[in-house]
Amino acid sequence: MRAFRGRTGDTLRFPTGDHTVETIRVETSGGPREVTYLSYTHIPYVADPVDTKYQSLDVKVPVEVDGTAVSAGDAPIVLVNSVGGFLSVNNLEKSMRGPGGEDSVGARHGELALAAGYVVVWPGCRGRDNRASDGTFYGKAPAGIVDLKAAVRYLRHNKGIVPGNVEWIISTGCSAGGGLSALLGASGNSPLYEPYLEEIGAARTEDRIYACGCYSPIIDLDHADIAYEWMHGPTPRNQTGEPVDQELSGELKALFGEYQASLGLQGRGGFGALTAENYDRYLLEYYLIPAASRYLGALPDEKRSEYLAEHQWVMWDGDRAAFSFADYVAYAGRYKGIPAFDDFDLSLAEPSLFGDETIEARHFTDFSLRKTTGDPKAEVSADVKVLAALMNPMHFVLHDNPGCAPHWWLRRGTAETGISQTAIVNLATGLENRGKHVDARFFWEAAHCIDEEAEGFIAWIGDVTGFSRATGQNPSSRNSRGKRQ
């Protein structure tokens with residue numbers, strides 16, 4: 001039984017007349033833009049909500065940019081999720097800028113999207129922290145992704161009523177929100193979520209989306225511990241100086257090879273199969289060295305010389321950087337202890353995500369369960385295995401889910417060490433192997449959730465949809481699915 005239920009019988013029709021008119025100033029590389037928009041707030045997106053504080057959304061529709069009228073009737077819809085740490089997002093309390101504040105990735109994307117003439121939607125959603133007055137939890141997995149799917153269904157249900165083109169829904173988020181954005185894009189229309197969506201009265205329509213922007217995504221949780229030790233195992237201490245058990249690290253690292261081989265991923269440019277043995281070379285060639293080269297190439301000569309003097313493990317030939325993977329890993333350091341996600345004392349966010357109505361946190365990997373119980377044959381319960389799959393975009397990519405989004409923008413920083421870089425690269429490679437349009441790169445020296453090309457992301461949306469603010473929709477691509485299929 002659910003902890004509590006909001007009012008039933010709520011209409012799923014978008015309230016076209018219920019809005020205020022607001023104005024914001026958006027800083028862009030071309031100078032400030034003044035955007036006037038219609039603001040629709042706190043709209044429940046399911047008919048039978050558990051809690052409307054979370055299961056509701058805001059819609060922002062630009063009507064003027066710098067005093068010039070714009071039409072957003074057929075514009076892309078940017079769905080900004082503000083999730084962090086797999087926690088809930090309270091739609092009733094948050095502002096236009098989102099809970100991350102005015103400097104958050106989502107806030108920046110939302111404002112730039114409005115300035116570009118796009119519709120912006122801010123959904124709330126349940127999270128692992130939601131707890132009713134009787135002590136029961138009502139936001140554990142898969143509640144967050146179910147709510148985001150329900151928000152997409154609400155928009156699609158209101159096709160022709162809600163402003164914007166519901167065939168051009170683009171999701172964006174960072175960290176856990178980046179992981180949910182990836183999951184939303186990968187799992188479109190999957191029947192596995194149907195019972196959960198029916199339970200909350202989600203609209204009976206599709207929940208596929210057109211494109212994803214994923215920043216520093218936390219994904220593939222059931223394999224995150226073994227991938228982390230493959231990459232950071234050689235680092236003997238975490239960021240607080242605590243020693244890492246090298247025997248445990250070795251045990252986890254040994255499991256990564258079999259998992260990576262099971263994915264059957266083929267690298268770019270004829271690289272061949274990605275394996276535990278050659279992954280370091282692939283990261284260097286296609287992600288790390290290009291990121292360092294872009295960074296160094298953009299520095300003034302004096303600043304570049306200073307950087308190279310301070311980082312003598314990095315070589316520079318005037319055009320391209322060079323360094324070893326081992327030197328890079330040693331420089332980046334290790335952020336987490338061991339295990340990095342399914343920790344033995346269940347204190348991290350991820351075990352809490354996999355709790356249930358009465359249990360706050362549960363192990364979701366056999367490795368940690370066996371170590372904590374002392375039973376070498378212990379296995380996590382069948383329901384936890386199902387939840388792990390429902391929270392993992394790789395599950396849907398590897399099974400070539402037909403509703404997977406066709407366009408992907410993936411970014412992370414090289415200075416962040418909270419999850420192995422193999423996670424985002426496996427996602428990118430799996431999508432590429434299945435013919436998706438993928439733009440994936442790293443930002444050199446950037447920390448977690450840093451976006452160094454927010455305007456580039458907004459321009460990319462215009463490119464993959466063919467939408468132009470000046471003309472509404474590009475005449476050369478009038479079909480509702482965009483110009484790239």
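Only this structure's heavy atoms are used, side chains among them; waters, hydrogens and symmetry mates stay out.
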Shortest non-hydrogen separation from [X] to [Y] and the atoms involved:
| X | Y | result |
| --- | --- | --- |
| Val78 | Ala113 | CG2-CB, 3.9 Å |
| Ala423 | Ile219 | O-CD1, 3.5 Å |
| Trp444 | Ala291 | CB-O, 3.5 Å |
| Leu57 | Ala151 | CD2-CB, 4.1 Å |
| Ala428 | Ala440 | CB-CB, 4.0 Å |
| Val438 | Leu431 | CG2-CB, 3.6 Å |

Do [X] and [Y] have a side chain donor and acceptor closer than 3.5 Å?
| X | Y | value |
| --- | --- | --- |
| Trp313 | Tyr328 | no |
| Asp222 | Asn392 | yes |
| Glu445 | Tyr307 | yes |
| Ser88 | Asp129 | yes |
| Ser249 | Glu229 | yes |
| Lys149 | Ser187 | yes |
| His363 | Ser368 | no |
| Tyr54 | Asn91 | no |

Which value, rounded to the nearest 0.5 Å, describes the distance between [X] atom [atom1] and [Y] atom [atom2]?
| X | Y | atom1 | atom2 | value |
| --- | --- | --- | --- | --- |
| Arg411 | Trp409 | CZ | CH2 | 4.0 Å |
| Tyr193 | Ile145 | OH | CD1 | 5.5 Å |
| Thr465 | Tyr210 | OG1 | OH | 6.5 Å |
| Leu283 | Phe442 | CG | CZ | 6.0 Å |
| Leu252 | Ile226 | CG | CD1 | 8.0 Å |

Would a 4.5 Å heavy-atom cut-off, applied to side chains only, mark [X] and [Y] as touching?
| X | Y | result |
| --- | --- | --- |
| Ile43 | Ser56 | no |
| Ile200 | Asp147 | yes |
| Phe323 | Leu288 | yes |
| Arg156 | Asp207 | no |
| Pro142 | Leu387 | yes |
| Thr52 | Tyr45 | no |
| Lys253 | Met231 | no |
| Leu263 | Leu398 | yes |

Is the side chain of [X] donor-acceptor paired with the backbone N or O of [Y] at a distance under 3.5 Å, no angle test?
| X | Y | result |
| --- | --- | --- |
| Gln239 | Gly333 | no |
| Asn401 | Gly188 | yes |
| Glu199 | Pro195 | no |
| Ser181 | Ser171 | yes |

Handout entry: Listed partners of Phe341 passing ring pair (Phe, Tyr, Trp, His ring centres under 6.0 Å), at least two apart
Key =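 Listed in chain order: nothing, the list is empty.
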If the condition is side chain to side chain contact (heavy atoms under 4.5 Å, CB included), which residues does [X] pass it with, not counting sequence neighbours?
| X | value |
| --- | --- |
| Ser216 | Arg412, Glu416, His448, Cys449 |
| Ile450 | Ala446, Ala447, Glu452 |
| Pro351 | Asp342, Asp343, Leu346, Leu348, Ala361, Phe364 |

Exercise for the section: Report the C-alpha distance between Arg237 and Glu242 in whole Å, list the side-chain angles of each, state the deciding distance to 0.1 Å, and finish with yes or no for salt bridge (charged side-chain N to carboxylate O under 4.0 Å, His left out). Expected result: CA-CA 5 Å; Arg237 296 180 182 274; Glu242 297 173 350; over 6 Å; no
Exercise for the section: Indicate the ring-plane relationship of Tyr286 and Phe271, choosing parallel, tilted or perpendicular according to the 30° and 60° boundaries. Expected result: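 Tyr286 and Phe271: perpendicular rings.
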Hey, is [X] close enough to [Y] for a salt bridge, meaning N to O under 4.0 Å?
| X | Y | result |
| --- | --- | --- |
| Arg131 | Glu357 | no |
| Asp375 | Lys377 | no |
| Glu350 | Arg362 | no |
| Lys140 | Glu360 | no |

Practice task
Compute the centroid of each ring, for His109 and then for Tyr215, and state whether the two points are separated by less than 6.0 Å.
Solution key: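 Yes; Tyr215 has its ring centre under 6.0 Å from that of His109.
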Who pairs with [X] by side-chain hydrogen bond (donor to acceptor under 3.5 Å, both in side chains), at least two apart in sequence or on another chain?
| X | answer |
| --- | --- |
| Arg370 | none |
| Thr240 | Asn238 |
| Gln266 | none |
| Ser381 | Asp383 |

Pairing residues for [X] by the salt bridge (charged side-chain N to carboxylate O under 4.0 Å, His left out) criterion, not counting sequence neighbours:
| X | answer |
| --- | --- |
| Arg434 | none |
| Glu206 | Arg208 |
| Arg128 | none |

Practice task
Determine, step by step, whether Arg153 and Glu194 satisfy the salt bridge (charged side-chain N to carboxylate O under 4.0 Å, His left out) criterion, reporting the C-alpha distance in whole Å, the side-chain angles of both residues, the deciding distance to 0.1 Å, and the verdict.
Solution key: CA-CA 12 Å; Arg153 289 188 173 202; Glu194 203 61 44; 3.0 Å; yes
Problem - Pairs meeting criterion ring-ring contact (aromatic ring centres under 6.0 Å, His included) with involvement of residues 233-260, two or more places apart - result: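 Only His223-Tyr259, Trp230-Phe256 qualify under ring-ring contact (aromatic ring centres under 6.0 Å, His included).
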Handout entry: CZ (Phe325) with more than 12 external heavy atoms under 6.0 Å
Key =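 Yes, because the 6.0 Å sphere around CZ of Phe325 holds more than 12 heavy atoms from other groups.
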Handout entry: side-chain hydrogen bond (donor to acceptor under 3.5 Å, both in side chains) partner of Gln260, the single match among Thr422, Asn426, Thr275, Asn278
Key =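 Answer to the side-chain hydrogen bond (donor to acceptor under 3.5 Å, both in side chains) test with Gln260 among Thr422, Asn426, Thr275, Asn278: Asn426.
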